[in-house]
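I have placed the structure first, in the form of structure tokens, so that the comments after it can refer back to it.
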Amino acid sequence: MQPYYVTTPIYYVNDEPHLGHIYTTIAADVLARHKRMSSFDTFFLTGVDEHGQKVQQAAESKGIEPIALADSIVERYENLWPQLRVSNDDFIRTSSERHKRGVQAMWCRLENAGAIYKGFYEDWYCVPCETYWKETQLKEAECWESKICPDCERAVEKVQEESYFFRLSGFQDRLIEHINANPDFIAPESRRNEVLRFIESGLHDLSVSRTTFSWGIPVPGDESHVIYVWIDALTNYISALGFPEHEVPKYWPADVQLIGKDILRFHAIYWSAMLMAAELPLPKRIFAHGWWTVEGEKMSKSLGNALRPADLLADYDADVIRYFLLREVPFGHDGDFSFDALKQRYNSELANDIGNLLNRSLSMLDKYNGGALGEQGEEEACDRALIADVAGMQRDVDEMLGRQAFHLALERISSVVRHGNRYVEDNAPWALAKAGNEVRLNTVLYHLVETLRLVGLQLIPFMPEKAGTMLSQVMSTRVNTSELMFHDLGGWGYLKPGHQCSKPSPVFPRME
Ligand code: MSP
């Protein structure tokens with residue numbers, strides 16, 4: 001089986017999960033489920049980023065040890081993922097022994113490659129972003145007077161200490177070459193151009209160790225230094241795969257690494273340069289998605305308006321949340337979360353379009369034929385058009401998810417559903433029944449049921465439970481969506497005359 005590896009960022013444990021964290025993880029889950037169903041040997045990794053000054057400070061402010069804070073947040077994440085039907089294959093903690101081994105091995109690789117040297121760091125640091133800034137960069141960004149971080153606009157602090165450096169500047173040309181030679185490496189394209197411009201403006205060597213706090217992984221052979229949290233964190237993508245025990249781990253390079261736009265520079269530049277120095281292959285693709293606002297406002301701790309997944313789950317089914325997040329905003333764009341928009345999409349696309357097609361089709365089948373598919377007659381042009389549209393959907397969804405165009409994939413599925421609803425109107429099964437045209441009635445109902453079955457199958461990665469319920473009604477047997485492959489239920493024509501469907505019961509009742 002062909003391997004497929006998808007990752008999410010690992011989330012800081014200084015705070016509880018919020019909307020931004022579940023967004024990436026749900027997106028990764030859809031890709032993982034789709035690939036598993038397409039018979040790929042799939043590995044889906046998520047986890048938490050436990051080290052660094054930011055987490056240490058958060059723990060200090062609560063008067064607890066960093067590991068105690070980490071344990072409590074980890075528990076939240078580990079409880080949350082199953083509730084959101086996230087099917088990760090592994091969960092990496094950066095405080096784990098396997099990860100520490102991976103990071104220290106990575107450090108030694110970089111050192112042996114001559115990419116690390118000792119020096120003295122004297123510039124600025126942003127703790128919330130765990131980012132270094134040079135005076136010149138602060139000046140260019142007009143942040144020098146106010147001493148704020150150009151990314152998050154919070155205060156930067158002066159850092160003067162002995163430090164190890166990574167020769168990032170030496171990778172400038174190779175990075176540009178790699179990005180130019182691999183047009184799919186960084187997506188979306190606007191972000192790719194942004195990264196190229198950043199590299200072209202000149203890369204500085206990167207300070208990669210700290211001596212003024214201790215919550216991190218010690219530098220091998222010089223324990224007074226802890227490894228810079230980003231070098232530590234980025235290595236999770238291979239430490240979880242068994243690096244260094246596995247020299248080039250199975251599943252590496254990743255097929256796609258999903259991240260938010262704010263951490264693209266760390267992935268596209270630092271991570272790529274680290275891998276180049278360590279002589280490991282680069283990921284095939286890094287996709288930077290946009291940011292959510294909530295009801296028009298930026299989520300922030302100070303406003304106290306961070307949207308918590310537990311609150312969302314109290315009112316909405318996980319599948320509805322999954323659907324909305326991926327349907328509402330093109331992946332890669334910024335977007336706004338609002339409860340009105342959620343309800344509107346739910347009622348129009350799930351309740352009205354899909355729910356209606358399912359209900360009316362299975363109700364008519366029940367009413368006119370006791371729920372059983374009958375012998376069909378000759379196919380007409382409109383039947384062939386529906387079959388072709390369904391086949392097109394299967395191909396298109398695969399292609400669209402291949403480039404992480406979740407909203408297009410869902411729109412493509414919706415277009416088949418709308419086609420199905422038009423087909424009902426055009427063929428008016430109730431009139432066929434009234435006229436006693438049994439053969440044509442059977443044919444029309446058969447086409448509707450097969451359409452529903454194949455739509456349900458395509459929806460599984462997005463809405464595993466709801467799509468499973470849909471399919472269970474069509475198949476009249478419980479369908480286990482986490483083990484189902486696309487080929488198990490075949491293509492058009494899998495259901496045979498005599499197949500019995502269940503009576504419909506609403507999968508997407510209208511929301512008031
Ligand atoms: N620990 C680092 C990542 C290390 S990966 C080797 C980190 N953690 S984080 O918890 O601060 O953020 C994780 C992700 O959440 C980032 O990809 C970020 O873009 C995303 N989001 C945070 N707020 C967000 C929104 N408002 N909207 C969408 N995503 C957002 O960064």
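Every number for a ligand or one of its atoms is a count from 1 in the order of the listing.
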Within ligand 1, which atoms have a heavy atom of [X] less than 4.0 Å away?
| X | result |
| --- | --- |
| G290 | 28 (C) |
| H289 | 28 (C), 29 (N) |
| A233 | 6 (C) |
| H267 | 5 (S), 6 (C) |
| Y237 | 5 (S), 6 (C) |
| P9 | 5 (S), 17 (O) |

Taking the six-membered ring for Trp, are [X] and [Y] parallel (under 30°), tilted (30 to 60°) or perpendicular (over 60°)?
| X | Y | value |
| --- | --- | --- |
| F40 | Y4 | perpendicular |
| W292 | F324 | tilted |
| F339 | Y316 | parallel |

Answer yes or no: is there a donor N or O on one side and an acceptor on the other, between the side chain of [X] and the main chain of [Y], under 3.5 Å?
| X | Y | result |
| --- | --- | --- |
| D49 | A233 | no |
| W144 | E135 | no |
| N347 | R510 | no |

Nearest protein heavy atom with distance in Å, relative to [atom]:
| atom | result |
| --- | --- |
| atom 23 (N) of ligand 1 | H18 CE1, 3.3 Å |
| atom 16 (C) of ligand 1 | I263 CD1, 3.8 Å |
| atom 14 (C) of ligand 1 | Y11 CE2, 3.9 Å |
| atom 20 (C) of ligand 1 | G20 O, 4.2 Å |
| atom 17 (O) of ligand 1 | G260 N, 2.9 Å |

[X] N/O under 3.5 Å from ligand 1 N/O:
| X | result |
| --- | --- |
| H21 | yes |
| W292 | yes |
| I10 | yes |
| Y12 | yes |
| W291 | yes |
| D262 | yes |
| D49 | yes |

>> side chain to side chain donor-acceptor pair (under 3.5 Å), that's the test. Do Y12 and E50 meet it? Break it down for me.
In response: CA-CA 6 Å; Y12 284 128; E50 300 176 83; over 6 Å; no
>> Is the positively charged end of R109 above the ring of F243, judged by distance under 6.0 angstrom from the centroid and angle within 45° of the axis?
In response: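 No - R109 does not lie over the ring of F243 by the 6.0 Å and 45° rule.
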> Hey, mind stepping through Y323 and F462 against ring pair (Phe, Tyr, Trp, His ring centres under 6.0 Å) and telling me if it holds?
Replying inline: CA-CA 6 Å; Y323 179 87; F462 297 91; 7.8 Å; no
Under 3.5 Å, is there a donor on one side chain and an acceptor on the other for [X] and [Y]?
| X | Y | value |
| --- | --- | --- |
| Y132 | S207 | yes |
| R285 | Q404 | yes |
| T211 | E161 | yes |

> Among the heavy atoms of W271, does any lie under 4.0 Å from an atom of ligand 1?
Replying inline: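 Distance cut 4.0 Å: W271 fails for ligand 1.
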> Does ligand 1 have a heavy atom under 4.0 Å from the side chain of K298, from its backbone, from both, or from neither?
Replying inline: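 Neither; nothing of K298 gets under 4.0 Å from ligand 1.
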> How does F266 reach ligand 1, by side chain, by backbone, by both or by neither, if only non-hydrogen atoms under 4.0 Å count?
Replying inline: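 The answer is neither; F266 stays 4.0 Å or more away.
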>> Taking ring pair (Phe, Tyr, Trp, His ring centres under 6.0 Å) as the criterion, tell me which of F337, F331, F406, Y11 meets it with Y23.
In response: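 The ring pair (Phe, Tyr, Trp, His ring centres under 6.0 Å) with Y23 is passed solely by F331 among F337, F331, F406, Y11.
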